[in-house]
> 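One structure is given below, represented as structure tokens, and several questions about it will come after.
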Amino acid sequence: MKTAEYSPGLEGIIAGTTTISHVNPDLCSLMYRGYDIRELVKHSSFEEVAYLLLKGKLPTQGEYDEFCALLKQERDLPDVLVDAFKTFPKNSVPMDMLRTGTALLALHDPDKDDNSHDANVRKAIRSIAKFPALIAYSYRINRGQEIVKPDNGLGHGENFLYMLQGKKPDAYMAHVFDCSLICYADHGFNASTFSSRVTVSTLSDIYSGLVAAIGTLKGPLHGGANEEAMKMLQEVGTPENAEAWVIDALATKKKIMGFGHREYKNGDPRAFILTEMGAEMSEKLGDTQWYKTASIVESVMHREKNIVPNVDFPTSYIYYLMGLPIEIYTPIFALARVSGWTAHMIEQLDNNRLIRPKALYEGPDHLDFVVRAQR
Ligand code: SDX
């Protein structure tokens with residue numbers, strides 16, 4: 001049997017192969033199926049990116065139209081799920097509701113007992129299509145509001161904003177939101193994707209993998225960071241307070257949320273794209289307080305620690321400027337990443353081997369067993 005060196009947190013360990021996304025810290029680039037995300041943000045849509053991740057190639061116009069129609073057809077939820085949301089405790093955490101909603105959705109999927117490649121692609125499309133309603137319906141019901149049914153005249157991202165906020169976003173907001181979904185869609189063997197692959201590597205099903213992935217994404221060291229970053233910006237309050245706040249936080253060994261990355265040490269390409277959009281959006285809306293505060297936090301972090309923002313920093317204030325509730329930011333990450341998760345689980349199952357690493361045992365061995373009465 002091959003043995004490898006121990007690396008805490010599996011840092012630097014190659015745990016498998018993939019053709020889905022290429023995280024390249026040396027070039028500070030991210031490619032989906034060979035296409036640079038900078039190009040995808042400029043010319044594509046979230047729907048097209050989801051197709052690319054799932055099917056491995058860009059769609060023709062006909063394939064694209066068919067895929068978008070399928071997503072629209074699958075947008076709504078079975079009534080039993082809506083009824084179930086009414087039983088959730090008041091003020092439940094939206095990520096918990098998404099996790100439970102996904103588990104419930106699994107019970108109602110017509111392909112639930114079929115683990116074939118084709119059935120898994122159908123389940124992937126259904127879950128991508130239904131995550132917006134899972135998030136928006138559960139959120140609105142839990143906060144005592146009527147649900148807003150999907151509008152099939154709207155694209156995937158803008159329809160989510162409509163179902164959540166009850167009003168159609170303007171074209172600019174819809175565009176920025178769509179770009180953020182493209183940036184969030186996939187990212188190599190990040191923790192949530194890896195947990196989804198581990199789950200299906202036992203030949204378990206796609207929904208079980210999604211539930212594992214949502215639970216993994218929730219933590220503040222991973223997807224939960226976009227919510228924590230905005231709470232931090234609120235605590236900082238104004239650009240004038242930012243420098244002293246960061247220096248004080250670093251002195252007390254606080255983690256600055258939305259900064260640092262296991263892979264990128266010189267910058268996250270998604271953060272560059274979204275910071276530019278955040279600046280433009282702030283100017284357009286005439287509300288530059290958050291962007292200015294964020295910029296100072298960024299320059300102090302760079303000066304003091306040489307640590308730069310990751311994708312979760314600019315999305316925090318972009319979503320805030322869109323008027324989105326903070327507790328919905330991590331579910332939005334999931335809404336996009338479900339495309340990557342499902343693509344990865346299908347890739348894993350198409351060429352599966354059980355994922356089962358070794359542990360370096362550090363406890364005692366061969367202790368003498370003393371019966372309970374004599375201890
Ligand atoms: C995502 O993996 C992915 O691809 C994830 C993701 C995706 O798309 O799927 O990109 C999405 O999860 C982005 C990351 C979101 N998390 C945060 O923003 C939380 C804050 N960041 C961190 O805690 C940290 O940077 C991690 C968890 C992201 C990475 O952790 P590592 O690789 O284990 O690094 P580390 O914690 O060992 O840090 C190394 C050093 C330490 O200092 P020293 O002890 O060596 O002096 O850098 C410091 C850390 O204290 N450091 C930070 C910091 N991040 C690292 N110090 C202050 N604030 C930070 N944010």
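Just follow the structure's listing: the first ligand is 1, and inside any ligand the first atom is 1.
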> Give the residue, atom name and distance (to 0.1 Å) of the protein heavy atom nearest atom 7 (C) of ligand 1.
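In this structure, atom 7 (C) of ligand 1 has R337 NH2, 3.4 Å as its nearest protein heavy atom.
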> Enumerate the salt bridge (charged side-chain N to carboxylate O under 4.0 Å, His left out) contacts for residues 314-334, please, sequence neighbours excluded, ordered by first and then second residue.
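Sorted pair list: R143-E327.
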> Mind telling me whether Y320 and W290 have parallel, tilted or perpendicular rings, with 30° and 60° as the class edges?
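Perpendicular, since the angle between the ring planes exceeds 60°.
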> Are any of the protein's heavy atoms under 4.0 angstrom from atom 34 (O) of ligand 1, yes or no?
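No, there is no protein heavy atom closer to it than 4.0 Å.
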> Any donor and acceptor pair, going by atom type alone, linking the side chain of R38 with main-chain N or O of I273 inside 3.5 Å?
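Between the backbone of I273 and the side chain of R38 there is no qualifying donor-acceptor contact (under 3.5 Å).
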> Can you list the atoms of ligand 1 that are under 4.0 Å from a heavy atom of N190?
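The atoms of ligand 1 under 4.0 Å from a heavy atom of N190 are 2 (O), 3 (C), 4 (O), 5 (C), 9 (O).
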> Looking at ligand 1, would E11 count as a contact under a 4.0 Å heavy-atom criterion?
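The answer is no: ligand 1 sits nowhere under 4.0 Å from a heavy atom of E11.
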> Among all protein heavy atoms in this structure, tell me which lies nearest to atom 42 (O) of ligand 1, with the distance rounded to 0.1 Å.
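The closest one turns out to be K305 NZ, 4.3 Å.
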> Looking at atom 4 (O) of ligand 1, would you say a protein heavy atom lies below 4.0 Å from it?
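It does; a protein heavy atom is within 4.0 Å.
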> Can a protein heavy atom be found under 4.0 Å away from atom 10 (O) of ligand 1?
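True for atom 10 (O) of ligand 1.
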> Checking side chain to side chain contact (heavy atoms under 4.5 Å, CB included) between E48 and each of I182, L53, L58, which is the one that passes?
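For E48, the side chain to side chain contact (heavy atoms under 4.5 Å, CB included) test succeeds with only one of I182, L53, L58, which is L58.
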> Before accepting this row, confirm whether a basic side-chain N of the pair K218/D96 lies closer than 4.0 Å to the acidic partner's carboxylate O.
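Judged by the 4.0 Å cut-off on N to carboxylate O distance, K218 and D96 do form a salt bridge.
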> Do me a favour and list the nearest non-hydrogen protein atom to atom 54 (N) of ligand 1 with residue, atom name and distance?
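For this ligand atom, the closest protein heavy atom is F259 O, 3.8 Å.
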> Looking at ligand 1, would E228 count as a contact under a 4.0 Å heavy-atom criterion?
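No; E228 lies far enough from ligand 1 that no heavy-atom distance drops under 4.0 Å.
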> Which protein non-hydrogen atom lies closest to atom 27 (C) of ligand 1, naming both residue and atom, and how far is it?
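Protein heavy atom with the smallest distance to atom 27 (C) of ligand 1: L221 O, 3.9 Å.
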> Please determine whether a side-chain nitrogen of the Lys or Arg among D205 and K123 lies less than 4.0 Å from a carboxylate oxygen of the Asp or Glu.
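Not counted as a salt bridge, because no side-chain N and carboxylate O are separated by less than 4.0 Å.
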> Short N/O distance, under 3.5 Å, between D312 and ligand 1?
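No, D312 has no N/O under 3.5 Å of an N/O on ligand 1.
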> Any protein heavy atom at under 4.0 Å, with atom 39 (C) of ligand 1 as the reference point?
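No, there is none.
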> What residue and atom, counting heavy atoms only, is the protein's closest point to atom 52 (C) of ligand 1, and at what distance?
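The protein heavy atom lying closest is I307 CD1, 3.4 Å.
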> Check E74 with R122, please: is the shortest side-chain N to carboxylate O separation under 4.0 Å?
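Not counted as a salt bridge, because no side-chain N and carboxylate O are separated by less than 4.0 Å.
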> Is there a side-chain contact between M173 and L285 (heavy atoms, below 4.5 Å)?
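M173 reaches L285 side chain to side chain.
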> Charged N to carboxylate O under 4.0 angstrom, E63 versus K57?
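Yes, charged N to carboxylate O under 4.0 Å.
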> With a 4.0 Å cut-off on heavy atoms, is A191 touching ligand 1?
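A191: no contact with ligand 1 (<4.0 Å).
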> Output all residues satisfying side-chain contact (heavy atoms from CB on, under 4.5 Å) with T238, sequence neighbours left out; order by chain, then residue number.
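Applying side-chain contact (heavy atoms from CB on, under 4.5 Å) to T238 gives E240, N241.
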> At a non-hydrogen distance cut-off of under 4.0 Å, which region of H261 contacts ligand 1 (side chain, backbone, both, or neither)?
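H261 to ligand 1: contacts from backbone and side chain alike.
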> For atom 36 (O) of ligand 1, what's the nearest protein heavy atom and its distance?
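Protein heavy atom at minimum distance: K255 CE, 3.9 Å.
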> Decide whether an N or O pair under 3.5 Å exists between I256 and ligand 1.
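Min N/O separation from ligand 1 is below 3.5 Å for I256.
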> Under the criterion ring pair (Phe, Tyr, Trp, His ring centres under 6.0 Å), which of Y264, F333, Y32 is the partner of H187?
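So the option named by the test is Y264.
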> Has D287 got more than 12 heavy atoms of other residues, nucleotides or ligands less than 6.0 Å from its CG?
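Yes.
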> For atom 1 (C) of ligand 1, what is the nearest protein heavy atom, given as residue, atom name and distance?
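Checking every protein heavy atom, the shortest distance to atom 1 (C) of ligand 1 gives H222 ND1, 3.6 Å.
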> Would you please determine whether G258 falls within less than 4.0 Å of ligand 1 on a heavy-atom basis?
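For ligand 1, residue contact (heavy atoms, under 4.0 Å) with G258 is present.
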> Any idea which part of P220 is under 4.0 Å from ligand 1, heavy-atom wise: side chain, backbone, both or neither?
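Backbone only; the side chain of P220 stays clear of ligand 1.
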> Please identify which atoms of ligand 1 are closer than 4.0 Å to at least one heavy atom of A225.
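Answer, ordered by atom number: 15 (C), 16 (N), 17 (C), 18 (O).
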> Which protein non-hydrogen atom lies closest to atom 31 (P) of ligand 1, naming both residue and atom, and how far is it?
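Protein heavy atom at minimum distance: R262 NE, 3.6 Å.
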> Side chain of T288, backbone of K292: donor and acceptor closer than 3.5 Å?
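Side chain of T288 to backbone of K292: no pair is present.
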